[in-house]
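Since the structure comes first, as structure tokens, the remarks are kept for the end.
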Amino acid sequence: MDLRERLMGAQGGLCKEFSPGYYGICAVGGMLSAGTTHLAITPLDVLKVNMQVNPLKYKGISSGLTILWKEQGPSSLWRGWSGKLFGYGIQGGFRFGFYEYFKKLYSDVLVDHSRSSIFFVSSASAQVFADVALCPFEAIKVRVQTQPNFAKGLADGFPKLYRSEGLAGFYKGLLPLWGRNLPFAMIMFSAFEHSVDLIYHNIVQRRKEECTRAQQLAVTCLAGYVSGAIGTVVSNPADNIVSSLYNKKADTILQAVKKIGFINLFTRSLPVRIALVGPVITLQWFFYDSIKVLAGLPTSGGFPRHLAEAM
């Protein structure tokens with residue numbers, strides 16, 4: 001069966017939906033989609049972190065990239081690439097794989113609850129595990145991006161951080177990381193699911209099963225962008241706190257909030273984060289669902305038909 005047949009919705013897959021193999025494919029799809037997309041936007045991520053740590057110097061996207069290029073060279077724009085590729089790849093595997101697992105689990109158990117509550121609790125459960133896996137990589141990445149003399153990457157960054165701060169240094173930012181990513185994941189997955197449902201009902205006006213795979217992937221992209229943009233605004237305060245803590249601009253979350261300022265928590269680096277996250281989440285969902293389609297599985301969004309009819 002060739003690629004065209006897969007995209008046009010041919011039946012048959014590598015495994016049954018909700019089998020162990022299915023969750024394995026979802027995890028691999030999440031890992032590949034998240035790792036590659038985060039790697040691609042490393043220069044913007046370097047700028048974002050520096051804007052959060054030194055907002056007086058890095059005031060905008062264009063001027064900030066120019067300053068980094070002139071003062072530290074073009075290679076500075078790719079600092080932390082290994083943390084982006086491997087850290088966010090592992091996080092994506094946990095996030096998407098566990099979300100699919102928990103959504104099926106909670107939809108079977110919480111049959112009398114609303115869809116939104118199932119989306120929220122499923123995404124939150126998955127994100128808890130995903131951030132525990134990401135946190136050590138994020139600790140190295142942020143330091144590499146903002147402290148040029150700290151380390152070159154993961155290989156020398158991990159032992160250096162362990163020697164100086166011990167195991168606790170890798171998880172110093174776990175609470176604010178949860179504070180950033182838990183609301184983001186809950187809003188992102190819920191917005192995606194509801195956007196998919198709205199698009200099929202109000203725009204396409206057909207059931208997903210009646211559309212070709214190519215049409216389903218188009219719906220995935222549109223819903224992915226909406227979910228990413230909404231989630232970015234919600235998670236921006238915690239993202240600023242994470243950068244402040246990792247770069248020792250503050251010792252506690254409360255101190256970081258006081259130094260940054262309440263309004264700045266929501267506005268600092270928000271334009272560059274929207275430029276980053278919207279397209280990245282769109283591409284993640286597209287790559288993720290493309291992998292599922294190539295494996296003969298349905299695209300994301302919604303519940304199995306017997307559960308959907310019971311809700």
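Worth saying up front: this structure is predicted, and the values here are computed from it rather than measured.
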Requested in this report: State whether Glu71 and Lys57 are salt-bridged, where the test is any N-O pair (Lys NZ or Arg NE/NH1/NH2 against Asp/Glu carboxylate O) under 4.0 Å.
Outcome: yes
Query raised in the report: So, are Glu193 and Lys103 salt-bridged, with charged N and O less than 4.0 Å apart?
Result: yes
Report task. Decide whether His194 and Ser116 meet the rule of one side-chain donor and one side-chain acceptor closer than 3.5 Å. Result -> yes
Query - Val53 vs Ser244, side-chain contact (heavy atoms from CB on, under 4.5 Å): CA-CA, chis, key distance, verdict - result: CA-CA 6 Å; Val53 174; Ser244 181; over 6 Å; no
**Report entry** Verify same cluster id: Val49, Ile274 (apolar side-chain graph, 4.5 Å)
**Finding:** no
Requested in this report: Using side-chain hydrogen bond (donor to acceptor under 3.5 Å, both in side chains) as the criterion, point out the one residue from His38, Glu138, Gln145 that pairs with Lys84.
Outcome: His38
Query - Val28 vs Ile291 side-chain heavy atoms within contact, under 4.5 Å - result: no
Report task. Decide yes or no on side-chain contact (heavy atoms from CB on, under 4.5 Å) for Met31 and Phe96, but give the supporting numbers first. Result -> CA-CA 8 Å; Met31 184 178 297; Phe96 283 94; over 6 Å; no
Query raised in the report: Is the backbone of Ile260 close enough, under 3.5 Å, to the side chain of Asn264 for a donor and an acceptor to pair up by distance?
Result: yes
Query - Least distance between heavy atoms, Phe287 atom then Thr36 atom - result: CD1-OG1, 4.2 Å
Query raised in the report: If only atom types and distance count, is the side chain of Gln255 paired as donor or acceptor with the main-chain N or O of Asp251 below 3.5 Å?
Result: yes
Requested in this report: Have a look at Phe189 and tell me which of Phe98, Phe102, Tyr99, Phe119 forms a ring-ring contact (aromatic ring centres under 6.0 Å, His included) with it.
Outcome: Tyr99
**Report entry** Any donor-acceptor N/O pair, Asn50 side chain to Val46 backbone, under 3.5 Å
**Finding:** yes
**Report entry** Contact summary for Ala185 and Gln127, nearest pair of heavy atoms
**Finding:** CB-OE1, 3.3 Å
Query - Gap separating the NZ atom of Lys141 from the OG atom of Ser82, nearest 0.5 angstrom - result: 10.5 Å
Requested in this report: Answer yes or no for Lys16 and Tyr22: cation-pi contact, defined as NZ/CZ to six-membered ring centre under 6.0 Å and angle to ring axis within 45°.
Outcome: no
Report task. For side-chain contact (heavy atoms from CB on, under 4.5 Å), just list the numbers for Ser117 and Leu110, CA-CA rounded to whole Å, side-chain angles, deciding distance to a tenth of an Å, and then say yes or no. Result -> CA-CA 9 Å; Ser117 63; Leu110 305 176; 5.6 Å; no
Report task. Any chance you could lay out the ring pair (Phe, Tyr, Trp, His ring centres under 6.0 Å) test for Phe137 and Phe86, step after step, and finish with the verdict? Result -> CA-CA 8 Å; Phe137 296 91; Phe86 297 108; 7.5 Å; no
Requested in this report: Using the rule that two of Ile, Leu, Val, Met, Phe, Trp, Tyr join whenever any of their side-chain heavy atoms come within less than 4.5 Å, decide whether Tyr200 and Phe192 are in one cluster.
Outcome: yes
Requested in this report: Check whether more than 12 heavy atoms from other residues, nucleotides or ligands sit under 6.0 Å from atom OH of Tyr171, and answer yes or no.
Outcome: yes
**Report entry** Side-chain H-bond candidate by donor/acceptor type, Ser300 with Lys292, under 3.5 Å
**Finding:** yes
Report task. Could you tell me whether Asp131 and Arg95 have a side-chain N and a carboxylate O separated by less than 4.0 Å? Result -> no
Requested in this report: Would you mind reporting whether Tyr101 and Phe18 have side-chain heavy atoms less than 4.5 Å apart?
Outcome: no
**Report entry** Distance-minimising heavy-atom pair for Ile140 and Gly157
**Finding:** CD1-O, 3.3 Å
**Report entry** Distance-minimising heavy-atom pair for Pro237 and Val234
**Finding:** CD-O, 3.6 Å
Report task. Under the side-chain contact (heavy atoms from CB on, under 4.5 Å) rule, what do Lys48 and Asp239 come out as? Steps first, then yes or no, please. Result -> CA-CA 10 Å; Lys48 180 210 73 173; Asp239 191 60; 3.3 Å; yes
Report task. Provide the closest heavy-atom pair for Ser76 versus Leu68 in the form atom of the first, atom of the second, distance. Result -> OG-O, 3.3 Å
Report task. Kindly work out whether a path of hydrophobic side-chain contacts (I/L/V/M/F/W/Y, heavy atoms less than 4.5 Å apart) joins Tyr23 to Val128. Result -> yes
Query raised in the report: Does the side chain of Cys135 reach to within under 4.5 Å of the side chain of Phe170, using non-hydrogen atoms?
Result: no
Query raised in the report: Does Ser75 offer a backbone N or O that forms a donor-acceptor pair with the side chain of Arg79 under 3.5 Å?
Result: no
**Report entry** Distance (rounded to the nearest 0.5 Å) between His113 NE2 and Ser107 OG
**Finding:** 13.0 Å
Query raised in the report: Can Ser125 and Tyr106 be counted as having a side-chain donor-acceptor contact under 3.5 angstrom?
Result: yes
Query raised in the report: Taking Lys104 for the side chain and Glu17 for the main chain, is one N or O donor matched with an acceptor at less than 3.5 Å?
Result: no
**Report entry** Gap between atom CG of Leu175 and atom CG of Leu182 - 0.5 Å precision
**Finding:** 10.5 Å
Query - Check against side chain to side chain donor-acceptor pair (under 3.5 Å), Gln216 and Asp289 - result: CA-CA 9 Å; Gln216 291 178 24; Asp289 269 0; over 6 Å; no
**Report entry** Ile203 CD1 to Ile199 CD1 distance, which is reported to the nearest 0.5 Å
**Finding:** 5.5 Å
Query - Carboxylate-amine/guanidinium proximity below 4.0 Å for Lys160 and Asp156 - result: no
Requested in this report: Find the distance between CG (Asp197) and NZ (Lys208) and round it off to the nearest 0.5 Å.
Outcome: 10.0 Å
**Report entry** Gap between atom CG of Asn181 and atom CG of Leu174 - 0.5 Å precision
**Finding:** 10.0 Å
Query raised in the report: Are the ring centres of Phe184 and Trp178 closer than 6.0 Å?
Result: no
Query raised in the report: Are Val293 and Leu283 connected in the hydrophobic side-chain network, where two residues link if heavy atoms are under 4.5 Å apart?
Result: yes
Query raised in the report: So, Gln52 and Ser269: side-chain donor and acceptor under 3.5 Å apart, yes or no?
Result: yes
Query raised in the report: Side chain of Ser243, backbone of Asn240: donor and acceptor closer than 3.5 Å?
Result: no
**Report entry** Min side-chain heavy-atom separation Phe94-Val132 under 4.5 Å
**Finding:** no
Query raised in the report: Is there a side-chain contact between Leu65 and Tyr58, using heavy atoms and a 4.5 Å cut-off?
Result: no
Query - Validation row: Leu177, Leu134 side chains within 4.5 angstrom (heavy atoms) - result: yes
Query raised in the report: Hey, are the side chains of Trp69 and Leu77 touching, using non-hydrogen atoms and a 4.5 Å cut-off?
Result: yes
Query raised in the report: Are any side-chain N or O atoms of Gln215 and backbone N or O atoms of Thr212, one a donor and one an acceptor, separated by less than 3.5 Å?
Result: yes
Report task. Report yes if some heavy atom in the side chain of Asn236 is under 4.5 Å from a heavy atom in the side chain of Leu265; otherwise report no. Result -> no
Query raised in the report: Got a donor-acceptor contact below 3.5 angstrom from the Thr267 side chain to the Ile263 backbone?
Result: yes
Requested in this report: May I ask whether Leu161 and Trp81 are part of the same hydrophobic cluster, defined by side-chain heavy atoms of I, L, V, M, F, W, Y residues being less than 4.5 angstrom apart, directly or through others?
Outcome: yes
**Report entry** For Val196 against Gly301, the heavy-atom pair lying closest together
**Finding:** CG1-CA, 4.3 Å
Query raised in the report: With distance as the sole test, does Ser227 use its side chain to make a donor-acceptor pair with the main-chain N or O of Ala223 at under 3.5 Å?
Result: yes
